[in-house]
Structures are given as structure tokens and as C-alpha cells.
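Ligands are counted one by one from 1 in listed order, and the atoms in each one are counted from 1 as well.
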Amino acid sequence: MSNGQAQNRRIEIVDTTFRDGQQSPLLFDTEKYRFTLEEKKLLLAGLIELGVTHIEFFSPVVGMAEEQDVRELIAYAKTLTERELLFLAHCRCHPDDIQRSLEVGCNGLNLYLGVSPLAQQHNAQKSLEEAVALASEVIGSTRERHPGLYLRFSAEDAFRTPKEDLFRLYDAVYPYVNTLGMPDTVGMAEPEDVTALVCALRERYPEVSLECHFHNDRGLALANVLAAVRSGVRYVDASIWGLAERSGIPSVTGVLFNLFKHHPELARQYNLSQCYPLNVLMASILGTLVPYTEPVSLTNRTHTAGVHQKAVLNEKKVYEAHNLHDFGVDKNQLLLGPLSGWNLIYYYLKEVEALEITKEQAKEITQEFKGRTHEIGRSKKPEELLLEIATARGIRKHPMPEEVPTARLENLD
Ligand code: HCA
């Protein structure tokens, strides 16, 4: 795809926190199991604030509670924004799924069916020809009844489906759909595979948009998104924190953060400063920290090694290469710990603890501190050990009003 074409193309996040996100094992690990309606409303408001307009839900057939929530969430979302929103129900090619999804107020359907050899044998248990006939009948009749309805169709496990089978299925549904997906259901694909498939689909199905859904089993999901978008995909499936089955899919904020590098126009479509607050909101709901692998996180602004801390105290760009500020991370942290050098220890004792201390004394304290780091742990924080050493050496506080010290040293700008 040429640069000019790439620049004229709109890219959209399809958020699936309420569908694939709720399939995440982390909901079990954190004993949350499912989000409450109130939590979903908070998350939905956060997504809408960020500028996400495409939201995927379970089809109501998964259960009464989800059905009621989807109804309420659709009504609630409409009170939050004037923007046009797409409420997408994740549906099997099953008339019941479709009808009930439309009844609860969804205005788009994300239909799926697998025809990989494994799916034919062990999952859908339909031959390719049966699957093609089913998809074509169900999607064709849905299109006939709902000419304006947004329809997306995905062949589950697309990267383990022989291309000729994928084409056989997509040829049959192409006349009826707005978008074709390419789920990498079990994280098989590498970026080169993604480029090849996107190019093949674009060539064969030029009249529809393409969507990608990459699972992170090999840690390649985000790299695959970049390859897909570079090759012409419009819709990118993501979720808050990347929550989804197994090790998940790309996170909404990781996708926006990375795509922004080549598509700065995304800043007009999305309110990027809401990225970090959205990640923190999920942390507060799950009662755990924003994952350390998440690009838009305070972890990514936290420095622990003495060499890094010294450099960041001088010029933070040395170890802070990316502009996270525009994505809502507006502070950094230097953590006092066993790896800290005298620079940070001097800074901490002088500026935060307001001790009357010279650089020489700080160097001596550092030496003793380094010899006693085995004492640091749950019952003694590094700051406590430092104060203990400084006090034993008769170093006193500067006579000035006491400020409340924070456990971590932040905002060194
Ligand atoms: C799943 C289904 C799916 C569907 C993706 C899509 C996948 O396994 O739960 O509808 O595009 O990864 O294949 O999430």
C-alpha cells in the first residue's frame, strides 16, 4: 500500500473488552469472574471518552445477565455521546443469535464460523461445503431482511485454514458483508504471514473493509497489528489491557500508542490522553496493577538501576524515548532500592527527607547501604534503611517545615 493511500485511510479500534475481554483468565485469577453492570458502565464511559465508537458484546444467547447488561449498556452509551456508535454482537451463524442480538439493540453483527480442518472435525463439525452453505444462507437472508445493517464475517482460525478453503467461504459471503475478518485465533501468525493474507484478501475482495483479531499466544499480536494496518486493514480488534482468551489480544492503548507513530491523524479521532486513565480504571476494578508489559503505563516511566536513575535525573530522554505524556502518563518514578546509586540517594535524603547532607556523606551512606541491602524486604523499605543509616551517622533534618514524603519519588521535572 502506498504512503498516500495509507494516509487517506481511516483506522478504527473495535473494542472487545465486554466480549473477548470477559473470556480472560485474569478475571478468574483476580476472582472477579465477570464485570458488574456498574463496572461495565465505567469502562464503557472510559472507552467512549477515549473516542472508541465500535464496541463488541456477546450475543444475548450466552446468558440472561449478559443480555440485560447489553441492553442497558447500549442505552447508557447513547446518553454519553452524540457520535454514531456501533454496537456489535458477536454471533454464530445462527438465526437465534442474530435475532436476539438485534432485539437487544445491536446495530451490527460480528458473525463467525470456523472451517479449519480442526474446526471441521472437532468444533463446528461441518464439512467445508456444509459450512459454506450455512454461512451463505444465514448471512444472505440477514442482508435481505436488513439491507442497511453492518455485517462482518470472520473465519475463525483463519491462519490455520488452507487459503483455498478460506476463499471458498469468503467468496460465498462477500456479496453480503461490509467487512471480512482474519482471526488468528490461537496466535499462529507472524507479521509476514499477516501481510501476505491481507494482500491476498484485498486483491480478491476489494469492495469490503478488512478487520484483524490477533491472539497473543506467541507475544506477536501487536506486531501483527502493525503489519495488518500497514497492509491495509481498517478495523483492529483490541481490548482494555488486551484481556481475552488465554494470553489475550493487543491492548487498545498499546495499539493506539504504536499506530500513532505512523498515523498521527489518530489524535483527531481519539482522545489519546485518556489512554492511561483507562488502564488505571481497569486496575482499580480488578484490584491489581496495570500490567508491566503494557506500553502505556507508569512502569514504562519507572527507573531502578543507578546508571539509569543518574541519567534520568540529568536528562530523562536518555531512558524515556517515547512520548507517553500525550497518552496520559504524566509522571515518572525513580525507585529507591538495592540498585540505586549515590546520586539518587543524595537527591532523596536532601530533597525529600530534607537532611543536611553533603555529597561526600551521601557517598558514604550509599556504600553502607549497598552492604546492607539484604535487610531490605517486606518489613524494611529501602527508605527506612537509608534513614536508619543517616540517623546513626548523626545527620539531621534541615530546619524547615516538614512535608509529607511519598513512598516513591515522582515528578522530577
Ligand atoms: C474465539 C473467537 C474469536 C473470534 C474473532 C472474531 C477468535 O475463539 O473466541 O470474531 O473475529 O479469536 O477466533 O475471538
(Q) Are Tyr33 and Phe28, when compared by the centres of their aromatic rings, separated by less than 6.0 Å? (A) yes
Q) Is there a donor-acceptor contact under 3.5 Å linking the side chains of Thr253 and Asn279? A) yes
Q. Side chains of Asn300 and His322: donor-acceptor distance under 3.5 Å anywhere?
A. no
Q) Does ligand 1 have any atom that is closer than 4.0 Å to a heavy atom of Glu245? A) no
Q. Are Arg152 and ligand 1 in contact, using a heavy-atom cut-off of under 4.0 Å?
A. yes
Q.
Assess the residue pair Glu211 and Ser154 against the criterion (side chain to side chain donor-acceptor pair (under 3.5 Å)); give the C-alpha distance rounded to whole Å, side-chain angles, the decisive distance to 0.1 Å, and a yes or no.
A. CA-CA 9 Å; Glu211 175 178 320; Ser154 277; 5.1 Å; no
(Q) Please work out, at 4.0 Å between heavy atoms, whether the side chain, the backbone, both, or neither of Arg19 comes within that distance of ligand 1. (A) side chain
**Q.** Side chain, backbone, both or neither: Asp20 near ligand 1, heavy atoms under 4.0 Å
**A.** side chain
Q | Heteroatom distance test (Glu56, ligand 1): nitrogen or oxygen, under 3.5 angstrom | A | no
(Q) Would Glu211 count as being in polar contact with ligand 1, using the rule that some N or O on each side must be under 3.5 angstrom apart? (A) no
(Q) Check this for me, if you would: do Lys40 and Glu72 make a salt bridge, where the nitrogen-to-carboxylate-oxygen distance has to be below 4.0 angstrom? (A) no
Q: Using a strict 4.0 Å threshold on nitrogen-to-oxygen distance, state whether Arg34 and Asp69 make a salt bridge.
A: yes
For ligand 1, which atoms sit closer than 4.0 Å to a heavy atom of [X]?
X	value
Gln23	9 (O)
Ser154	11 (O)
His90	4 (C), 6 (C), 10 (O)

Q) Quick check: does any side chain N or O of Gln269 sit under 3.5 Å from a backbone N or O of Ile11, one acting as donor and the other as acceptor? A) yes
Q. Which residue owns the protein heavy atom closest to atom 12 (O) of ligand 1, what's the atom, and how far is it?
A. His215 NE2, 3.1 Å
Q | Protein contact of atom 1 (C) of ligand 1 - nearest heavy atom, named by residue and atom, plus distance | A | Glu156 OE2, 3.7 Å
(Q) Using the side chain to side chain donor-acceptor pair (under 3.5 Å) definition, which of the options Asn178, Thr179, Asn107 pairs with Tyr150? (A) Thr179
Q. Between Thr16, Val186, Thr185, which one has a non-hydrogen atom sitting closest to atom 13 (O) of ligand 1?
A. Thr185
